[in-house]
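Step one of this worksheet: look at the structure below.
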Amino acid sequence: MTKKWDAIWTNGTIVTCENSYGLQKNGCIAVKNGKIAWMGAMHELQGDPKELASEHHDLLRRCLTPGLIDCHTHVVYAGNRAKDFELRLQGYTYEEIARQGGGIRSTVLATRNASEDELYEQSSKRIRAMIQAGVTTLEIKSGYGLDWQNELKMLRVVKRIEEKFPITIYKTFLGAHAIPPEYEGKNDAYVDVICNQMIPEIARAKLADAVDVFCEKIAFNIAQTERIFQTAKHFGLAIKCHAEQLSHLGGALLAANYQALSVDHLEYVTNEDIEKIAKTKTVAVLLPGAFYFLREKKPPPVDLLKHHQVPIALATDCNPGTSPLTSILLILNMACIQFLLTPEEALLGVTHNAAKALGMDKTHGTLAVGKVADFAIWDIDHPNELSYSIGQNRLHRLVRGGISQEI
Ligand SMILES: [Zn+2]
């Protein structure tokens with residue numbers, strides 16, 4: 001006889017992450033065809049779980065949250081920047097390090113020189129670590145190739161990760177990450193290549209879901225950023241923006257006016273910007289890893305974002321230069337300590353709001369009937385332990401599309 005559900009998890013604390021923790025103690029959650037089919041308290045369960053579902057998992061009072069979402073990463077790259085790190089701590093300046101062959105250019109060179117297999121192997125180790133911290137959905141940006149052939153190679157590696165790992169990937173084209181060495185002093189000519197060749201081809205071949213720009217004095221100015229947004233929009237791609245990280249250039253408001261899914265970093269965003277961004281659906285993605293690693297002094301205006309009810313998401317920003325970390329759990333703690341988010345706000349930042357930052361909140365990021373059954377099961381009593389613990393990983397199990405995974 002076919003059973004009502006494919007699987008059921010019982011006797012745990014269900015953490016829905018809708019607009020708060022949404023705790024359901026002694027709760028159960030049932031899955032059918034990869035989606036959440038029923039949720040409720042143990043006493044509401046009508047019958048023996050073994051009769052109701054083909055698989056029965058006793059949570060033994062563990063917490064079950066939505067699978068975590070890392071909505072901003074540059075996890076595909078070759079090499080590392082440990083030498084830059086050491087030089088910096090020996091007192092060398094950014095310019096001196098760049099002159100010695102360091103900085104983003106060294107990552108571009110290493111990524112260009114790596115074969116597709118090498119790039120996949122090196123990135124896979126980081127992806128594994130991310131999954132082991134509870135991540136079931138991951139955004140990955142290109143942006144270390146900076147020419148057609150190598151950006152394409154990065155996006156192929158992303159595709160391979162999507163096929164090989166039990167994880168949902170959101171792909172972002174970040175050709176506008178930095179000016180490639182061969183275009184130094186010819187920034188507009190490189191923007192021409194992005195707008196006339198790269199974006200149209202990426203849209204045609206469906207290689208990415210969104211386009212991102214690093215809008216900053218050391219990268220792309222407002223006029224160039226706007227040209228790229230117009231092109232992305234024309235080709236039906238979503239928009240994201242690295243904005244106001246090191247200075248205030250106006251990229252965040254510009255992006256929000258182009259219905260960006262998210263504006264990311266925001267250390268230097270102004271009250272005026274926030275008031276206007278609050279009227280759009282754009283999410284603020286905060287990246288405490290980069291803030292920490294760069295020893296920045298000016299945190300993003302979290303109080304203003306909260307006051308104006310701009311949804312706040314968090315991400316690792318995993319990248320070799322400014323945030324070489326893979327643990328979304330560490331980010332929860334950093335957001336609480338450095339940006340004074342509450343543990344509840346931090347958890348919503350890697351679930352519900354992170355899903356919004358990827359335009360996936362109709363299907364992912366919370367526990368509700370009809371949503372994709374991506375869960376993380378934790379050996380903890382209360383979800384505040386996820387933000388509180390440092391360097392402790394209490395992940396017991398991951399469930400993707402209703403199927404329990406080896407981790
Ligand atoms: Zn970034």
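Just so you know, ligand 1 is whichever comes first in the structure, and atom 1 is the first atom listed for that ligand. Atom set for the values below is all heavy atoms of this structure, side chains included, hydrogens, waters and symmetry mates excluded.
- In terms of the salt bridge (charged side-chain N to carboxylate O under 4.0 Å, His left out) criterion, K371 has no residue partners (sequence neighbours excluded).
- No donor-acceptor pair under 3.5 Å is formed between the side chain of S123 and the backbone N or O of Y120.
- T73 and E139 share no donor-acceptor pair across their side chains, judged by distance under 3.5 Å alone.
- Qualifying side chain to side chain contact (heavy atoms under 4.5 Å, CB included) partners for E406, counting only residues two or more places apart in sequence or in other chains: R397.
- For R99, there are no salt bridge (charged side-chain N to carboxylate O under 4.0 Å, His left out) partners, not counting sequence neighbours.
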Item to complete: Dump the intermediate steps for side-chain contact (heavy atoms from CB on, under 4.5 Å) on R62 and W378, then the final yes or no.
Response: CA-CA 6 Å; R62 294 185 181 96; W378 309 92; over 6 Å; no

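- Near the Zn ion (ligand 1), less than 2.8 Å away, sit the protein N, O or S atoms H72 NE2, H74 NE2, H242 NE2, D317 OD1.
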